[in-house]
Each structure stands twice: as C-alpha cells, then as structure tokens.
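Scroll down for the structure; my scribbles are underneath it.
Just so we're on the same page: letters track the sequence lines, and every chain starts at 1. We use all heavy atoms of the structure for the numbers below, so side chains are in, but hydrogens, waters and symmetry mates are not. All values reported here derive from a predicted model rather than from experimental measurement.
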Amino acid sequence: MINLIFNLLMIFLVITAFFMVFTKDISNSVIALPVFGVILVVIFVILQAPDAAMAEAIIAAGLTTVFFVITINKTEY
Amino acid sequence: MLYLILAIVLSAILTFYRVIKGPSVPDRIAAMNSIGVMFLLVLVLLSYYFERKIFIDVALIYGVFLFINVLVMSKYFSEPEKGGVGD
Amino acid sequence: MIDFIHSLSQLLVYVFLLTGIYFLFSTALGMIRFPDFYTRLHAGSKCLMAGGIAVLMGCIVLEGIGFVSLKLIVLILFLVITNSIAIHVIASFADNYNILPKTIVENDSDE
C-alpha cells in the first residue's frame, strides 16, 4: 500500500516537472515550483529522512520561490 | 490510515488540474495554496503511520514557508504598469 | 468502563477522519467544477479549513494528552490564522486583473 502511494507521488512529480518546463508563461512555471518542492518533501519523509525533508522544505519550497518571484518582478519579461 | 493518505493524495492530484488549466494567475495561486495544505495534512498522517513524532516538525516548518510563498506571490505578481499591490 | 471510553474514543477518531476526507475531496471537486474565480476561492477557503481542522482534531483525539497534541493545537491555530489571511490577500490581488464574476447579482450590475 505504501508502495502504491510512493509510485503515485513519483508520477505526480514527473507531471509537475513537465508542466514547469513546457509551459509558455514564466509566472506559471514559478507557481508550479512550490508544488514540486512539497512533493519532494513527502517523498523524503516516506524514505525515512526527516532532516533532508526539513532542508528541502526550507530551501526548495521557501527561499528559491521567493528569490525567483522577486527576480521576475525586477526584470522585464 | 493509508487509505486516508491515498485519498488526500488523489485530491491533490485532482486539484493540480486547476494549476494546469487556470485562466488567470490568482486561480493558480489559490490552487497552489490548497495543494500545500493538503500535503501538510499528509505529513501529519504519515507521522502517525511511521510512529515517529518528529515528522510533525516538518509540517510546522512547511506551514510557515507556504504562508510566506503566498504573500510574496500576491505582492509581486501584479501587472507591470500598475505597480505592486502593497505600494 | 475504561473499555467503553476507549471504544468511544476510537469511534470519535473515525468520525473526525472521515469528515475531514469528505471535506478535502469536496475541495478538489469544487476547484475543478466551479465556473468562476470567486466561487473557487470560496471552495479553497472554507472547505479546506473544515477538512484540515477535522483531520487534525482526529489526530489529537488519537494521541491523547501530551506534548505532541500541544504541537497539533499550535498547528490548528496557525492554519486558522494563516489561511484566512492568505485567501484575503489573493482576493485583493485579483482586483488588478479585472476579474468579473460570471453571474452578476442585480445590485452589482449598475456599476
């Protein structure tokens, strides 16, 4: 049963990554980035690594998105 | 417990349809907020399944950063000729 | 007597968790099927918070009195304060995009 949830999360991760790469507008890509981060956090928790999950929650789901959003606002897109 | 986790993950996958096909940017931000809260509940339920209560700390930290994400996106994703929302 | 209280607690846990699953699934269905931005925001605010509070209350009843349930109560208070602020900020941000509701009420149509 936990293998089914793990495979489902892996498929969801691939769908999110393809949407981030192949969309036209750049703001849609930045909005899909925290979803990618939180799926990766849940995968790390299932693989019994809470410290890596905590670092992933801070970096990928928190700081990187904020930096990308402020950078897009400063430049002309 | 695992059936509940499976149901919440399926709900998050259904909500991701609105991120793909939202007509505008605020639709996508609201759907992203919903997906974040759903996976936060998945983290809390997984801590009860694995019998390791340290996983709740991951959920607390993720809640703080989800709030910061939504605030920053709503402040800086405005139209370029109108300026920011908060200014 | 102790056995009766234990079985009642188990029943309460099941009721809370199934209620939470129902509200979260109705959140996903509302995000897909509603026709308008503001109705989708309504589904993302109220149904989501009802599901989250129900699931976390089920976890508190399953845990009992302790340090972990204190953490879960802090998480409930944080979610209740945070998600309402986030939905309000998104709704005031949507004013820049000129999104009109699809079904206009009579009193709003003369603006």
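Side-chain N or O atoms of C/Ser69 include one that pairs as donor or acceptor with a backbone N or O of C/Gly64 at under 3.5 Å. Under the 3.5 Å distance criterion, the side-chain polar atoms of B/Ser74 are left unmatched by any main-chain donor or acceptor of B/Leu71. Between the side chain of B/Arg18 and the main chain of C/Met31, a donor-acceptor pair closer than 3.5 Å is present. Within the 3.5 Å criterion, the main-chain N or O of C/His42 finds no donor-acceptor partner in the side chain of C/Ser45.
No other option in C/Leu18, C/Ile85, C/Asn83, C/Leu75 has as many heavy-atom pairs under 4.5 Å with chain B as C/Leu75. Of the listed residues (C/Ile87, C/Leu56, C/Leu79, C/Leu29), the one with the most heavy-atom contacts under 4.5 Å to chain B is C/Leu56.
For C/Ile65, the CD1 atom counts as loosely surrounded, since its 6.0 Å shell holds 12 or fewer non-hydrogen atoms of other residues, nucleotides or ligands. Counting non-hydrogen atoms of other residues, nucleotides and ligands closer than 6.0 Å to CZ of C/Phe78 gives a total above 12. The number of heavy-atom neighbours closer than 6.0 Å to CD1 of B/Ile54, taken from other residues, nucleotides and ligands shown, is 12 or below.
Screening B/Ile8, B/Leu6, B/Val37, B/Leu4 for a side chain to side chain contact (heavy atoms under 4.5 Å, CB included) with B/Val42, the sole residue that qualifies is B/Ile8.
Residue B/Ile56 touches chain C through its side chain alone, counting heavy-atom pairs closer than 4.5 Å. In this structure, the portion of B/Ala7 lying under 4.5 Å from any heavy atom of chain C is its side chain and not its backbone. Contact annotation for B/Leu45: only side-chain heavy atoms (C-beta onward) come within less than 4.5 Å of a heavy atom of chain C. Of the two parts of C/Leu41, only the side chain, counted from C-beta on, holds a non-hydrogen atom closer than 4.5 Å to a non-hydrogen atom of chain B. Contacts between B/Leu14 and chain C at a heavy-atom distance below 4.5 Å involve backbone atoms as well as side-chain atoms. Heavy-atom distances place no part of B/Ile13 under 4.5 Å from chain C, backbone and side chain included. Both the backbone and the side chain of C/Phe25 have a heavy atom closer than 4.5 Å to some heavy atom of chain B. When heavy atoms are compared at a cutoff of 4.5 Å, C/Leu24 approaches chain B by way of both its backbone and its side chain.
Between the CD1 atom in C/Ile21 and the OH atom in B/Tyr3 there is a gap of 14.0 Å [rounded to 0.5 Å].
Cation-pi geometry between B/Lys53 and B/Tyr48 is met: under 6.0 angstrom from the ring centre, within 45 degrees of the axis.
Identified by a heavy-atom distance below 4.5 Å to chain B, contributing residues of residues 3-11 of chain C are lacking entirely.
Between C/Lys71 and B/Asp57 a salt bridge is recorded (basic side-chain N to carboxylate O distance below 4.0 Å).
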